[in-house]
Amino acid sequence: MSDTSRTTGSGRTERAERAEKAELGALQAALGAEHAAVYGYGVVGGKIDKGRRDEARAAYDAHRARRDELARAVRDLDGTPRAASAAYALPFAVKDSAAAVRLAAELEERVAGVYSDLVRAATGDRRRAAAEALREAAVRAVRWSGESVAFPGLAERAATASASASPQT
């Protein structure tokens, strides 16, 4: 009997349970990335020039909304949403507006990478929402950096970028 036909105590196949576990893990990773983005945009907002402050505020609000959507999705799968860390290590010092712009671009690139994993793990409406979030992050990354990549969020690209923002310990 293949693992696709074996059922568990809940009546679902082992494959379905593995897929749900993978989706939940990808949702939690995306939630973590959104927590880090919200924190990062707090730093961006403190250093960005007045001319780009509205753009930073819009991105901050978008990430807060996505964060809240992801927390609901985790609960929908009977998970407990991971809480935000008190602080996150930034990839570099943000001492001026130019550094704030670079940080915003990097935050968006990192978020896009995590959403590409969620697109792969999710199905149905969650996959569509993840693809939309990936697109939005990629567009914001281009607006901040002035550069684009052919396939934003791919693992091969992420491997060349620095490590994701991580909680400070």
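Side chains included, hydrogens not; waters and symmetry mates left out as well; all remaining heavy atoms used.
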Exercise. Tell me, do Val38 and His35 make a side-chain contact under 4.5 Å, heavy atoms counted?
Worked result: no

For this session: Taking the side chain as every heavy atom from C-beta outward, state whether Arg110 and Pro91 have any atom pair closer than 4.5 Å.
Result: yes

Seminar exercise, completed: dist Asp125:CG -> Arg128:CZ (nearest 0.5 Å) comes out at 4.5 Å

Problem set entry | Summary of salt bridge (charged side-chain N to carboxylate O under 4.0 Å, His left out) pairs that have at least one residue in residues 81-99, sequence neighbours excluded | none

Exercise. What are the two closest heavy atoms between Arg66 and Ala129, and how far apart are they?
Worked result: NH1-O, 3.6 Å

Exercise. Going by an N to O cut-off under 4.0 Å, is there a salt bridge joining Glu69 and Arg72?
Worked result: no

Exercise. Going by atom types only, do Glu108 and His63 share a side-chain donor-acceptor pair under 3.5 Å?
Worked result: yes

Exercise. Any salt bridge between Asp54 and Arg57, counting N to O under 4.0 Å?
Worked result: no

Problem set entry | Heavy-atom pair of closest approach, residues Leu134 and Ala112 | CD1-O, 3.2 Å

Exercise. With no hydrogens and no angle check, is any side-chain donor or acceptor of Ser85 less than 3.5 Å from a backbone partner on Tyr88?
Worked result: no

For this session: Decide yes or no for Glu17 and Glu14: does some side-chain heavy atom of the first lie under 4.5 Å from some side-chain heavy atom of the second?
Result: no

Exercise. About how many Å separate CZ of Arg140 and CD of Glu109, when rounded to the nearest 0.5 Å?
Worked result: 12.5 Å

Problem set entry | Shortest non-hydrogen separation from Ala30 to Leu118 and the atoms involved | CB-CD2, 4.2 Å

For this session: Take atom CZ of Arg143 as the centre, draw a 6.0 Å sphere, and report whether it contains more than 12 heavy atoms from other residues, nucleotides or ligands.
Result: no

Exercise. Considering only heavy atoms from C-beta outward, does the side chain of Thr80 approach that of Val74 to under 4.5 Å?
Worked result: no

Exercise. How many angstroms lie between atom CG of Leu70 and atom CG of Asp76, to the nearest 0.5 angstrom?
Worked result: 11.0 Å

Exercise. Between OH of Tyr115 and CZ of Arg135, what distance do you get to the nearest 0.5 Å?
Worked result: 13.0 Å

For this session: For Arg67, enumerate each residue passing the side-chain hydrogen bond (donor to acceptor under 3.5 Å, both in side chains) test, keeping only those at least two apart in sequence or located in another chain.
Result: none

Problem set entry | ILVMFWY network linking Val139 to Trp144, side-chain heavy atoms under 4.5 angstrom | no

Seminar exercise, completed: Heavy-atom nearest pair, Ile48 first then Arg53, reads O-NH2, 3.3 Å

For this session: Check Ala71 against Pro81 and note the closest heavy-atom contact, atom names and distance.
Result: O-CG, 3.5 Å

Exercise. Does Glu23 pair with Arg126 as a salt bridge, N-O distance under 4.0 Å?
Worked result: yes

Seminar exercise, completed: Nearest heavy-atom approach of Ala131 to Val119 is N-CG2, 3.5 Å

